[in-house]
S.K.: 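Quick one: structure below, then a few questions.
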Amino acid sequence: MTEVSNNILSLEIQRLWDNPSRLLEKLPEEETYHDIYERAMNLAFVHQQPYANLGDWFDRLVPLWQLRLYMMEICGQTDFYKDLYERCIQMNDAPYSHGQWQLAFVYNCCVAAHKDLRPFFRKWGWLTPVEMEIHDYGTDTLSIKQHDIDILNRKIDALYLPNLTAAVEYITDDNLSLYQKNEAFISGKFLIDDKMQIQVKDCQGAVAFEVYNGNTLIGVSHHDTFKLSLPPTTVTDKLKVMAVLPDGRRIKCEREFIK
């Protein structure tokens, strides 16, 4: 994990001092994405990268911070990370490989949350089979096989935990209030310009927007104006935008054409 898990505490200090989250800071102009949240979401949900291959340590920080926001702010489980750390400490001497530790973290999160968080972890590529070298403070290997994932699934199934009922994969510091209250949803319209920029207008109550080309997801954002990483020559006739509600429902936005 190197420079990842320690930054949970750094973000917590930022939050306590009422400073903007590092994950929301605007990225340089040459970046396709607006901020780290948006970049990490696209790497995981659109490009389906396994968690260990999500850009840099701040991209990999996103799902860990989302768990903090959802479990502690929305569910009111203020001891979530304390309980999770304690479970990790108790297992510190286990003879696990790096891949087994990653899967053990998923299990420990489910136990600490008293919820089946697997849909969240699947979205973020934690439960994706992977064989890769890691080059960070040295070289090592991460291996997760489908057999290992199957064992984990049986262990979590045996806990009979309640299902997740929110789109936790899209929670951020700036849409937190939408998860805290049941705001009325108003479907909006969207525009696409010749530079592949999406603008969603007059939409209320959505925590994110997903762009599809036919049935293929090609872009996501928690902003209502964002760029797609597609060639300007892309035919946009089949593109559709779905507004994502806090409870995970998807509702189609109507398209408005630029005059």
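Side chains are part of it too, since the values below use all heavy atoms of this structure and drop only hydrogens, waters and symmetry mates. Keep in mind that this is a model prediction, so the values were computed, not measured.
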S.K.: Less than 4.5 Å apart, side chain to side chain, heavy atoms only: is that true for N53 and V130?
M.R.: no
S.K.: Could you tell me whether a side-chain N or O of D173 sits under 3.5 Å from a main-chain N or O of L176, the two making a donor and an acceptor?
M.R.: no
S.K.: More than 12 heavy atoms of other residues, nucleotides or ligands under 6.0 Å from NZ of K123: is that the case?
M.R.: yes
S.K.: Where do V200 and C253 come nearest, in terms of heavy atoms and distance?
M.R.: CG1-SG, 4.4 Å
S.K.: Any chance you could measure K252, atom NZ, to E254, atom CD, to the nearest 0.5 Å?
M.R.: 6.5 Å
S.K.: Without swapping roles, check the side chain of N175 against the backbone of I171 for a donor-acceptor pair under 3.5 Å.
M.R.: no
S.K.: For a side-chain contact (heavy atoms from CB on, under 4.5 Å) check, start with the C-alpha distance between S229 and N42, then their side-chain angles and the critical distance, and finish with the verdict.
M.R.: CA-CA 10 Å; S229 183; N42 278 273; over 6 Å; no
S.K.: Under a 4.5 Å side-chain heavy-atom rule over Ile, Leu, Val, Met, Phe, Trp and Tyr, are L27 and V46 clustered together?
M.R.: yes
S.K.: Check the surroundings of atom NE2 in H147: do more than 12 heavy atoms from other residues, nucleotides or ligands lie under 6.0 Å from it?
M.R.: no
S.K.: Output the distance between atom CG (D140) and atom CE (M132), rounded to the nearest 0.5 Å.
M.R.: 11.0 Å
S.K.: Nearest 0.5 Å, please: how far is CG in L178 from CD1 in I74?
M.R.: 9.5 Å
S.K.: Carefully, step by step, assess N7 and W65 under the rule side-chain hydrogen bond (donor to acceptor under 3.5 Å, both in side chains).
M.R.: CA-CA 9 Å; N7 282 314; W65 186 246; over 6 Å; no
S.K.: Honestly, is R60 close enough over W57, meaning NZ or CZ under 6.0 Å from the six-membered ring centre and within 45° of the axis?
M.R.: no
S.K.: Taking Q77 as the fixed residue, which of M72, K82, H114 is the one that meets the side-chain contact (heavy atoms from CB on, under 4.5 Å) rule?
M.R.: H114
S.K.: Can you establish whether the number of heavy atoms outside N215 located under 6.0 Å from its atom CG is more than 12?
M.R.: no
S.K.: Apply side-chain contact (heavy atoms from CB on, under 4.5 Å) to Q66 and F120, showing your working.
M.R.: CA-CA 10 Å; Q66 288 181 317; F120 172 81; 3.4 Å; yes
S.K.: If you define the side chain from C-beta out and look only at heavy atoms, does anything of H98 sit under 4.5 Å from T141?
M.R.: no
S.K.: Give the ring-plane orientation class for H34 versus H223, where under 30° counts as parallel, over 60° as perpendicular and anything between as tilted.
M.R.: tilted
S.K.: Over 60° means perpendicular and under 30° means parallel, so tell me whether F45 and Y170 are parallel, tilted or perpendicular.
M.R.: perpendicular
S.K.: Once the angle between the rings of W126 and Y51 is folded into 0 to 90°, is it parallel (under 30°), tilted (30 to 60°) or perpendicular (over 60°)?
M.R.: parallel
S.K.: Counting C-beta onward and ignoring hydrogens, is there a side-chain heavy-atom pair between Y85 and I8 closer than 4.5 Å?
M.R.: yes
S.K.: Answer yes if L61 and L9 sit in the same cluster of Ile, Leu, Val, Met, Phe, Trp and Tyr residues linked by side chain heavy atoms under 4.5 Å apart, and no otherwise.
M.R.: yes
S.K.: Among the clusters formed by ILVMFWY side chains lying less than 4.5 Å apart, do Y81 and M91 turn up in the same one?
M.R.: no
S.K.: Side chains of I156 and V106, heavy atoms from C-beta outward: is any pair under 4.5 Å?
M.R.: yes
S.K.: Look up atom CG in L245 and atom CZ in R250, then write down how far apart they are to the nearest 0.5 Å.
M.R.: 9.5 Å
S.K.: State plainly whether the residues R68 and E73 are in salt-bridge range, i.e. N to O under 4.0 Å.
M.R.: yes
S.K.: Which heavy atom in A167 sits nearest to a heavy atom in Y179, and how many Å separate them?
M.R.: O-OH, 2.7 Å
S.K.: Out of curiosity, L117 CG to Y107 OH, how far, rounded to the nearest 0.5 Å?
M.R.: 13.0 Å
S.K.: Between D193 and K195 (salt bridge meaning N to carboxylate O under 4.0 Å), is one present in this structure?
M.R.: no
S.K.: Apply side-chain hydrogen bond (donor to acceptor under 3.5 Å, both in side chains) to Q146 and D150, showing your working.
M.R.: CA-CA 6 Å; Q146 185 59 50; D150 292 341; 2.9 Å; yes
S.K.: Could you walk me through whether D59 and D56 pass side-chain contact (heavy atoms from CB on, under 4.5 Å), step by step?
M.R.: CA-CA 5 Å; D59 296 296; D56 65 19; 3.1 Å; yes
S.K.: In the structure I gave you, are the side-chain heavy atoms of L67 and F121 within less than 4.5 Å of one another anywhere?
M.R.: yes
S.K.: Could you pull out the closest heavy-atom pair between E183 and Q204, with the gap in Å?
M.R.: OE2-CG, 2.9 Å
S.K.: Answer yes or no: is there a side-chain heavy-atom contact under 4.5 Å between W17 and E12?
M.R.: no
S.K.: Would you mind reporting whether T165 and K115 have side-chain heavy atoms less than 4.5 Å apart?
M.R.: no
S.K.: Checking side-chain contact (heavy atoms from CB on, under 4.5 Å) for the pair L152/R118: CA distance, chi angles, key distance, verdict?
M.R.: CA-CA 10 Å; L152 172 72; R118 281 177 292 179; 5.6 Å; no
S.K.: Would you find a donor on one side and an acceptor on the other, under 3.5 Å apart, between the side chain of S97 and the backbone of Q100?
M.R.: yes
S.K.: Any donor-acceptor pair under 3.5 Å linking the side chain of Q48 with the backbone of T128?
M.R.: no
S.K.: Is I192 close to R255 at the side-chain level, that is, under 4.5 Å between some pair of heavy atoms?
M.R.: yes
S.K.: Step through the shown structure and confirm whether more than 12 heavy atoms of other residues, nucleotides or ligands are within 6.0 Å of OH on Y96.
M.R.: no
S.K.: Between NZ of K240 and CG of N213, what distance do you get to the nearest 0.5 Å?
M.R.: 10.0 Å
S.K.: Same cluster or not: are Y37 and V207 linked, directly or through other Ile, Leu, Val, Met, Phe, Trp or Tyr residues, by side-chain heavy atoms under 4.5 angstrom apart?
M.R.: yes
S.K.: Just do the side-chain hydrogen bond (donor to acceptor under 3.5 Å, both in side chains) check on Q199 and T225 with the steps written out, would you?
M.R.: CA-CA 4 Å; Q199 180 186 3; T225 300; 4.8 Å; no
S.K.: Should F80 and F105 be counted in the same cluster of Ile, Leu, Val, Met, Phe, Trp and Tyr side chains packed under 4.5 Å apart?
M.R.: yes
S.K.: Have a look at F209 and tell me which of V244, D224, V220 forms a side-chain contact (heavy atoms from CB on, under 4.5 Å) with it.
M.R.: D224
